[in-house]
Amino acid sequence: MKRPRQRQRLRLRLRLRLRRTAVAALLLVTGCSTGPSLENQGAVTAPPGDSHHLTIGSAGFTESDLLAQMYSLLLKQAGYQTSLLTVANRELYEPALESGQIDVVPEYAATFADWLNAKTNGPDAPAVGSPNLATTMKALRQLATPRGLTVLDPGKAVDQNAFAVARSYANEHHLKTLSDLGASGLKVRLAAGDECVQRPYCEPGLKKTYGIDITAVDPKGVGTTQAKSAVQNGQDQMVLTTTTDATLDQFGLVLLTDDKHLQNADYVVPVVNRSRAGSTGVTKALGELNGVLTTADLASMNQQVDSWRRLAQDVARTYLKDKGLLK
């Protein structure tokens, strides 16, 4: 018979083992998912869940962090306990969202619709995202629902991928549009996220739509300081950023106009795991942001974090209080 101290040590070892296993499972999420299978429609139509503790996911760039912080603060005010988790990219956090390891993430309607479409129907499937919001949302919800995901209503804030070059580079080569860059025949090293090599609106789209000679993708992230610095110092020639990037002047960069409309209008939408966060309480709490958040607001908050070095949590809290959404 084991003594009390031995039993305590065994229980402690077991708890530590379980914690390590849980953490490892979350950090090593891959393309596999434990969400409802496409054949198991019963799981999709089950009553939406209302977990008391919700994990909010962020993709790790400034705007995603700000949105995740605002979601967290609004949900806390509505009575939920929340924690935040940063996961590098969509290839990792979307399966975690399906499996319930993450409960809520801020997403972009057209981009997420096309990503789920490629995951469901293959990388060569025709795009379903479009400049039309209603069309995009219909396609997105049809793709998300069988995976146990609920896409909440979009608000007024919209963000798009955009590409910037050094102002001096643009002046030297007379570049104002992405078509100008393609016609120039210049070889371009692109600073972006590592997923850019596969995303249809990144490297493949730049080559196909504009004929831009992308020689390499430098995996420095989307609109990060490191990525913009690489273009500023000439290591790279172009950077993938967003239309709400408020720090371009600081790096001496200018956007090239997407004159052939490669990018769709991406409205900010919360996406939730239905079985854990599909309740009316979550929908109502996050929906309060829709009536106030604008594209200009996002750009301003991005600037406060990226240029003024304020913490995303502080910027998010101040914004919500100023808008009367947080007591």
Side-chain angles (χ1 to χ4, degrees), residues 58-67 86 88-90 106-112 115 157-170 175-182 186 188-207 209-210 212 214 216-268 294-309 312 315:
S58 166
F61 57 94
T62 298
E63 190 168 288
S64 186
D65 288 343
L66 283 163
L67 290 165
T86 298
N89 55 45
R90 192 175 285 111
E107 261 295 353
Y108 300 92
T111 297
F112 195 44
W115 193 88
V158 59
D159 194 356
Q160 290 176 297
N161 286 340
F163 297 91
V165 298
R167 188 183 303 276
S168 58
Y169 183 83
L175 306 176
K176 292 184 178 180
T177 68
L178 289 171
S179 286
D180 291 339
L181 182 56
L186 293 166
V188 175
R189 182 176 164 93
L190 175 63
D194 55 5
E195 67 276 12
C196 176
V197 297
Q198 295 179 330
R199 298 272 172 88
Y201 300 116
C202 201
E203 181 185 3
L206 291 172
K207 289 180 175 179
T209 302
Y210 289 106
I212 297 174
I214 306 293
V217 171
D218 187 4
K220 284 184 164 57
V222 179
T224 62
T225 297
Q226 294 83 356
K228 284 177 279 194
S229 294
V231 176
Q232 182 183 37
N233 64 31
Q235 178 184 346
D236 298 329
Q237 287 71 51
M238 189 163 67
V239 59
L240 169 61
T241 182
T242 66
T243 53
T244 57
D245 189 335
T247 68
L248 296 178
D249 283 342
Q250 176 184 332
F251 292 88
L253 306 181
V254 292
L255 292 178
L256 295 181
T257 301
D258 178 20
D259 54 306
K260 292 185 178 178
H261 307 291
L262 174 64
Q263 308 299 328
N264 290 322
D266 268 320
Y267 285 77
V268 174
T294 66
T295 304
D297 292 339
L298 278 178
S300 174
M301 285 189 281
N302 286 338
Q303 183 178 37
Q304 292 176 57
V305 175
D306 292 335
S307 296
W308 305 353
R309 302 304 181 191
V315 173

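Heavy-atom minimum distance, Val217 versus Ala192: CG1-CB, 4.2 Å. When all heavy atoms of Leu178 and Met238 are compared, the pair lying nearest together is CD2-SD, 4.2 Å. Pairing each heavy atom of Thr209 with each of Lys260, the nearest pair is O-NZ, 3.4 Å. Across Val239 and Ala227, no two heavy atoms sit closer than the pair CG2-CB, 3.7 Å. Listed here is the closest heavy atom pair of Ala59 and Ser64: N-OG, 2.8 Å. Of all non-hydrogen atoms in Leu298 and Ala157, the two that sit nearest each other are CD1-CB, 3.8 Å.
Each of Thr242, Thr111, Thr243 was compared with Asp266 under the side chain to side chain donor-acceptor pair (under 3.5 Å) criterion, and only Thr111 meets it. When each of Asn233, Asp236, Leu253 is checked for a side-chain contact (heavy atoms from CB on, under 4.5 Å) with Lys228, only Leu253 meets the rule.
Note that the CG atom of Leu240 and the CD atom of Glu195 stand 8.0 Å from one another [nearest 0.5 Å]. In this structure, the separation between CG on Asp297 and CG on Leu66 is 11.5 Å, given to the nearest 0.5 Å. His261 contributes atom NE2, which lies 9.5 Å from atom CD of Gln160 (distance to the nearest 0.5 angstrom). Atom CD of Glu63 is separated from atom OH of Tyr108 by 3.5 Å, given to the nearest 0.5 angstrom. To the nearest 0.5 Å, atoms OG1 (Thr62) and CD (Gln304) are separated by 12.0 Å. Between atom CH2 of residue Trp115 and atom CD of residue Gln198 there is a gap of 10.5 Å, rounded to the nearest 0.5 Å.
Partners of Tyr169 according to the ring pair (Phe, Tyr, Trp, His ring centres under 6.0 Å) rule, which considers only residues two or more places apart in sequence or in another chain, are His173.
In this structure, the side chains of Gln232 and Gln250 stay at 4.5 Å or more apart for every pair of heavy atoms. In this structure, Asn89 and Asp194 have side chains that are in contact, with non-hydrogen atoms separated by less than 4.5 Å.
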*Apply side-chain contact (heavy atoms from CB on, under 4.5 Å) to Leu190 and Cys202, showing your working.*
CA-CA 10 Å; Leu190 175 63; Cys202 201; 4.1 Å; yes
*Carefully, step by step, assess Asp159 and Tyr267 under the rule side-chain contact (heavy atoms from CB on, under 4.5 Å).*
CA-CA 6 Å; Asp159 194 356; Tyr267 285 77; over 6 Å; no
*Going through the checks in order, is the side-chain contact (heavy atoms from CB on, under 4.5 Å) test met by Leu255 and Phe163?*
CA-CA 6 Å; Leu255 292 178; Phe163 297 91; over 6 Å; no
*Decide salt bridge (Lys or Arg N to Asp or Glu O under 4.0 Å) for Asp259 and Lys176; before the verdict, give the C-alpha distance in whole Å, the side-chain angles of both, and the deciding distance to 0.1 Å.*
CA-CA 10 Å; Asp259 54 306; Lys176 292 184 178 180; over 6 Å; no
*Output, in order, the C-alpha distance, side-chain angles, deciding distance and verdict of salt bridge (Lys or Arg N to Asp or Glu O under 4.0 Å) for Lys207 and Glu203.*
CA-CA 6 Å; Lys207 289 180 175 179; Glu203 181 185 3; 2.9 Å; yes
*Would Tyr210 and Leu256 satisfy side-chain contact (heavy atoms from CB on, under 4.5 Å), going step by step from the backbone distance to the final call?*
CA-CA 12 Å; Tyr210 289 106; Leu256 295 181; over 6 Å; no
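Between the side chains of Asp245 and Thr247, at least one donor N or O sits under 3.5 Å from an acceptor N or O.
With hydrogens and angles disregarded, no donor-acceptor distance shorter than 3.5 Å links the side chain of Thr86 to the backbone of Ser58. Looking only at distances, a side-chain donor or acceptor of Gln263 sits under 3.5 Å from a matching main-chain atom of Tyr201. Under a 3.5 Å cut-off, the side chain of Ser229 and the backbone N or O of Thr225 do form a donor-acceptor pair. Asp306 places no side-chain N or O within donor-acceptor distance of the main-chain N or O of Gln303, the cut-off being under 3.5 Å. Distance alone, capped at 3.5 Å, places no donor-acceptor pair between the Asp218 side chain and the Lys220 backbone.
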